[in-house]
Amino acid sequence: MHSRRHIAISLEQAAHTSPMLSSLVKQAQDANARLKCIAPLLPPGLRPHVQPGPLEGDVWCLIVKNSAAASKLRHLLPGLEAHLRNKGWNVNRIQIKILNASPWQSPM
């Protein structure tokens, strides 16, 4: 029987060998950097409920844990978008998506 040898490589090493993975890593890093940039502008109680989401051109998505967080965040969007543009990011619009519970999970 032939034995296989598995070699662990870091995500960074894997990204260098795959253009698609490299692109995803860069997008994730960009989204995280954007969130870090706007975090000081978010009320402290809202920060844990906001996660960076995907980028599509000049539209960035923020993912929130519930509709109450989404409602609070909507009021801040014009200022957040302007702040990101002032810091050099190409952001025309920030979109908000609410993280939904899986349909098979029962409500708590």
Side-chain angles (χ1 to χ4, degrees):
M1 184 172 172
H2 186 267
S3 128
R4 279 187 152 160
R5 187 173 197 198
H6 296 280
I7 300 171
I9 62 172
S10 72
L11 180 58
E12 186 177 340
Q13 290 170 320
H16 287 299
T17 62
S18 167
M20 179 181 263
L21 185 54
S22 178
S23 174
L24 289 173
V25 168
K26 286 177 187 171
Q27 284 185 23
Q29 290 171 337
D30 188 4
N32 285 326
R34 289 174 190 225
L35 182 59
K36 186 176 179 181
C37 180
I38 65 166
L41 304 178
L42 299 175
L46 185 59
R47 290 178 197 157
H49 300 281
V50 180
Q51 300 173 347
L55 305 160
E56 292 185 23
D58 62 356
V59 177
W60 178 38
C61 180
L62 286 174
I63 301 167
V64 295
K65 295 183 178 181
N66 55 54
S67 58
S71 179
K72 290 178 185 176
L73 189 57
R74 275 188 194 93
H75 296 287
L76 302 172
L77 290 182
L80 299 177
E81 292 162 350
H83 183 71
L84 287 169
R85 284 190 294 270
N86 288 339
K87 295 293 183 178
W89 273 288
N90 178 28
V91 176
N92 185 42
R93 185 170 58 94
I94 296 175
Q95 182 179 27
I96 300 172
K97 292 199 179 183
I98 301 170
L99 194 62
N100 291 325
S102 300
W104 55 85
Q105 289 179 335
S106 62
M108 293 184 167

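The chain is numbered in sequence order, starting from 1.
For the pair Asp30 and Lys26, the salt-bridge criterion is not met [side-chain N within less than 4.0 Å of a carboxylate O].
Taking every heavy atom of both residues into account, Cys37 and Lys87 meet most closely at SG-CG, 3.6 Å. Minimum interatomic distance between Lys97 and Cys61 (heavy atoms only, all atoms of both residues): CG-SG, 3.4 Å. Minimum interatomic distance between His49 and Ala69 (heavy atoms only, all atoms of both residues): CB-CB, 4.0 Å. Residue His75 comes nearest to Pro78 through the heavy atom pair O-CD, 3.9 Å, listed as atom of the first residue, atom of the second, then distance.
Leu73 belongs to a hydrophobic cluster with Leu35, Ile38, Leu41, Leu42, Leu46, Val50, Leu55, Trp60, Leu62, Val64, Leu76, Leu77, Leu80, Leu84, Trp89, Val91, Ile94, Ile96, Ile98, counting contacts under 4.5 Å between side-chain heavy atoms of Ile, Leu, Val, Met, Phe, Trp and Tyr, direct or through other members.
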### Task
Given side chain to side chain contact (heavy atoms under 4.5 Å, CB included), test Lys65 with Gln51 step by step and report yes or no.
CA-CA 8 Å; Lys65 295 183 178 181; Gln51 300 173 347; 4.2 Å; yes
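Taking the side chain as every heavy atom from C-beta outward, Pro52 and Arg34 never approach each other to under 4.5 Å.
Here the straight-line distance linking atom CD of Gln29 with atom NZ of Lys36 works out to 12.5 Å at 0.5 Å rounding.
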